[in-house]
Amino acid sequence: MSQLGSTVLRMLYYFLPLPQGSVVVQNVGNSGVGVMVSQMTRRMGVSCISIVRRGDKEESQWNTMVDFLKTTPKADMVLAEEDLADFKARHREIVERFSAAPILALNAFGGDSASNMFRAWSFCSGI
């Protein structure tokens with residue numbers, strides 16, 4: 001776990017300043033690194049949006065995972081990667097909820113997931 005912690009610290013402190021109240025978005029929010037990002041951003045006073053794949057999970061499985069991510073590591077919002085296609089609606093929801101758009105996006109997966117996240121959040125300054 002110590003390697004995960006140092007990786008997360010580097011990602012959160014060395015790319016750009018993250019003042020309290022700012023918003024970070026990450027994919028693979030249910031991974032070990034993703035959980036630590038949620039925990040550390042909470043301690044920093046920074047909001048965290050975790051993007052995870054819904055895949056073929058049944059509604060009850062999805063809800064269980066979302067509840068876990070919101071209560072244990074304290075993600076402020078959990079979105080399904082598949083929902084990024086309706087980005088305009090999500091953007092409004094995020095700005096209304098956080099009064100700010102994300103300024104940093106963390107990619108832990110690559111491929112289509114990273115491309116989709118970049119397209120959805122490319123208007124943000126740190127991305």
Side-chain angles (χ1 to χ4, degrees):
M1 288 299 261
S2 63
Q3 290 177 346
L4 292 179
S6 60
T7 299
V8 171
L9 283 172
R10 297 255 332 145
M11 291 188 306
L12 293 175
Y13 283 98
Y14 292 99
F15 287 117
L16 73 154
L18 291 172
Q20 286 192 348
S22 58
V23 181
V24 170
V25 62
Q26 64 168 331
N27 63 2
V28 196
N30 56 335
S31 70
V33 171
V35 167
M36 290 189 92
V37 167
S38 295
Q39 291 171 337
M40 288 187 185
T41 54
R42 174 62 55 120
R43 293 195 52 93
M44 296 167 64
V46 172
S47 297
C48 182
I49 301 170
S50 291
I51 299 172
V52 296
R53 287 187 176 175
R54 182 185 305 264
D56 59 358
K57 291 177 185 66
E58 294 181 15
E59 194 67 24
S60 63
Q61 293 172 312
W62 171 253
N63 290 335
T64 299
M65 183 175 65
V66 169
D67 290 342
F68 170 79
L69 292 173
K70 285 183 174 180
T71 56
T72 302
K74 306 292 188 201
D76 295 287
M77 178 181 274
V78 178
L79 299 175
E81 182 178 308
E82 295 85 351
D83 293 343
L84 290 181
D86 186 17
F87 177 69
K88 289 182 181 178
R90 292 296 177 184
H91 179 256
R92 277 192 296 276
E93 177 185 351
I94 289 163
V95 170
E96 287 172 7
R97 180 161 179 191
F98 299 109
S99 302
I103 62 169
L104 179 66
L106 301 174
N107 168 41
F109 194 72
D112 289 340
S113 176
S115 297
N116 293 337
M117 188 170 68
F118 181 76
R119 271 198 276 329
W121 306 103
S122 62
F123 62 89
C124 303
S125 63
I127 299 171

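In this chain, residues are counted from 1 in sequence order. Treat the numbers as computed from the prediction; the structure is a model and nothing was measured.
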Worksheet item: Are Ile49 and Val66 connected in a single hydrophobic cluster, I mean Ile/Leu/Val/Met/Phe/Trp/Tyr linked by side-chain heavy atoms less than 4.5 Å apart?
Response: no
Problem - Connected via hydrophobic side-chain network under 4.5 Å: Val33 and Val46 - result: yes
Nearest heavy-atom contact between Leu69 and Gly29 is CD2-O, 3.7 Å
SG (Cys48) and CD (Gln39) are apart, to the nearest 0.5 Å, by 10.5 Å
With sequence neighbours left out, the residues meeting side chain to side chain contact (heavy atoms under 4.5 Å, CB included) with Glu81 are Ile51, Arg53, Ser113, Asn116
Contacts of Arg42 meeting salt bridge (Lys or Arg N to Asp or Glu O under 4.0 Å) (sequence neighbours excluded), chain-then-number -> Asp76
Considering only distance and modelled atom types, tabulate donor-acceptor pairs under 3.5 Å from the side chains of residues 11-23, sequence neighbours left out.
residue, atom, partner, partner atom, Å
Ser22, OG, Pro19, O, 2.7

Residues at least two apart in sequence or cross-chain that pass side chain to side chain contact (heavy atoms under 4.5 Å, CB included) with Thr64, listed by chain then number, are none
(Q) Between Val25 and Leu79, is there a side-chain heavy-atom distance shorter than 4.5 Å? (A) no
* Asked: Would you say Arg54 and Gln61 make side-chain contact, with heavy atoms under 4.5 Å?
  -> no
Looking only at heavy atoms, the pair that brings Ser50 and Gln26 closest together is OG-NE2, 3.1 Å
Residue pairs meeting salt bridge (Lys or Arg N to Asp or Glu O under 4.0 Å), one or both in residues 15-31, sequence neighbours left out, come to none
Would you say the side-chain atoms of Lys70 pair up with the backbone N or O of Asp67, donor to acceptor, closer than 3.5 Å? no
Are the side chain of Thr41 and the backbone of Ser38 linked by a donor-acceptor contact shorter than 3.5 Å? yes
ILVMFWY cluster, Ile103 and Met44 together (side-chain gap under 4.5 Å):
yes
So the salt bridge (Lys or Arg N to Asp or Glu O under 4.0 Å) pairs with at least one residue in residues 14-31 (sequence neighbours excluded) are none
| query | Out of curiosity, does Val8 fall in the hydrophobic cluster containing Val24 (side-chain heavy atoms, cut-off under 4.5 Å, transitive links)? | reply | yes
